[in-house]
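As structure tokens, the structure follows; a few thoughts come after it.
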There are 2 protein chains.
Amino acid sequence: MNEAFKALADPTRRHILQILRDKSMTAGEIADHFNISKPSISHHLNLLKQAGLVLDERQGQSIIYSLHTTVVEDVIGWMFGIINKQEKRD
Amino acid sequence: MNEAFKALADPTRRHILQILRDKSMTAGEIADHFNISKPSISHHLNLLKQAGLVLDERQGQSIIYSLHTTVVEDVIGWMFGIINKQEKRD
DNA sequence: TTCTTATTTAGATGTTTGGCTAAATATATA
DNA sequence: TATATATTTAGCCAAACATCTAAATAAGAA
């Protein structure tokens with residue numbers, strides 16, 4: 001989950017997740033939302049993928065990225081653990 | 001909220017939050033949980049404070065740090081926003 | 001006031017990160 | 001096969017970050 005927290009620390013990467021929330025997209029479509037070079041966006045996508053926050057799938061020439069929510073749920077769980085004082089940790 | 005996400009990206013700082021979940025502590029007591037110099041822990045505490053994740057209060061010679069959950073709740077809200085596809089953003 | 005304890009500030013250093021351009025790879029099409 | 005399109009990889013650089021030691025500040029005790 002450390003990689004996920006690190007991935008979430010960057011505003012561009014959080015924005016990518018918000019964009020993917022609405023619909024899955026190719027790397028190029030995602031890049032079109034930013035004033036950042038495609039290689040840089042590709043690098044961000046790779047970090048998000050390593051963190052388990054997105055999935056990628058090649059479709060012809062393009063690679064389609066989609067949200068993967070399992071790890072997000074894990075992070076939410078961790079955060080709730082911080083908030084809920086009464087609940088005893090294992 | 002960007003500062004909170006950045007603060008959460010570091011494992012030491014997340015550990016500090018977990019420690020403070022159980023009870024508020026002085027900077028020194030917190031530092032005793034780590035093999036890191038006190039100035040470094042002090043720096044982490046300052047970042048957590050800037051991010052609104054902890055509060056500090058002087059009590060005599062010591063400074064007591066405590067969890068502040070409001071921003072954690074905001075972050076959780078953001079994360080839920082990522083997960084819940086159906087919910088339309090404003 | 002002087003000494004001790006608790007904590008932070010200052011300044012230095014090595015590592016990580018986010019961005020870039022240029023080159024490489026993968027696929028589709030002519 | 002040759003060319004075009006989509007994306008990633010490689011290599012570079014400046015800024016940010018995590019850590020350290022030494023010095024400064026704040027409060028209490030002698």
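Per chain, numbering begins at 1; letters A, B, ... match sequence-line order.
- Contact annotation for B:H43: base contact, defined as any heavy-atom pair under 4.0 Å involving a base atom.
- When the P atom of D:dC17 is taken as reference, atom CZ of B:R13 falls 8 Å away, rounded to whole Å.
- Between A:N2 and B:R14, the side chains place a donor N or O and an acceptor N or O closer than 3.5 Å (distance only, hydrogens not considered).
- Crowding of A:H43 atom NE2: a count of heavy atoms from other residues, nucleotides or ligands under 6.0 Å not exceeding 12.
- Heavy atoms of A:K6 sit under 4.0 angstrom from primed sugar atoms or phosphate atoms, though from no base atom.
- Among the protein residues, A:D10 comes within range of the sugar-phosphate backbone only, with heavy atoms under 4.0 Å from sugar or phosphate atoms but none that close to a base.
- Atom-to-atom, CG of B:N46 to C1' of C:dA10 comes out at 14 Å; the value is rounded to the nearest Å.
- Residues from residues 60-68 of chain A that place a heavy atom under 4.0 Å from any atom of DNA chain D, listed by number: A:Q61, A:S62, A:I63, A:Y65.
- Residue A:F5 contributes atom CZ, which lies 19 Å from atom C1' of C:dT16 at whole-angstrom precision.
- In terms of phosphate contacts, A:T26 brings a side-chain nitrogen or oxygen within less than 4.0 Å of OP1 or OP2 of D:dT7.
- With a 4.5 Å cut-off on side-chain heavy atoms, A:L8 and A:R13 do not count as touching.
- For B:H44 and D:dC20, the NE2 to P distance is 8 Å, given to the nearest whole Å.
- In this structure, A:I19 is a member of the same hydrophobic cluster as A:L53, with clusters built from ILVMFWY side-chain heavy atoms closer than 4.5 Å.
- Here the side chains of A:L67 and A:L55 are not in contact, with every heavy-atom distance at 4.5 Å or above.
- In this structure, B:F34 places its CZ atom 17 Å from C1' of D:dC20, rounding to the nearest Å.
- Distance B:I41 CD1 to D:dT21 P: 13 Å, rounded to the nearest Å.
- Within the structure, every side-chain polar atom (N or O) of B:R58 is placed at least 4.0 Å from both OP1 and OP2 of C:dA6.
- Closest of all the heavy-atom pairs between A:A4 and A:V75 is CB-CG2, 4.2 Å.
- A heavy-atom distance below 4.5 Å is found between the side chains of B:L20 and B:Y65.
- Separating the CD atom of A:Q59 from the C1' atom of C:dT27 is a distance of 13 Å, rounded to the nearest angstrom.
- Here the side chains of B:H44 and B:T12 are in contact, with some heavy-atom distance below 4.5 Å.
- Rounded to an integer number of Å, the gap from A:I16 CD1 to D:dT7 P is 13 Å.
- If you chain together hydrophobic residues whose side chains sit under 4.5 Å apart, B:F34 and A:F5 fall into the same group.
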Return the polar atom pairs (N/O with N/O) between nucleotides 21-25 of chain C and the protein under 3.5 Å, or none.
none

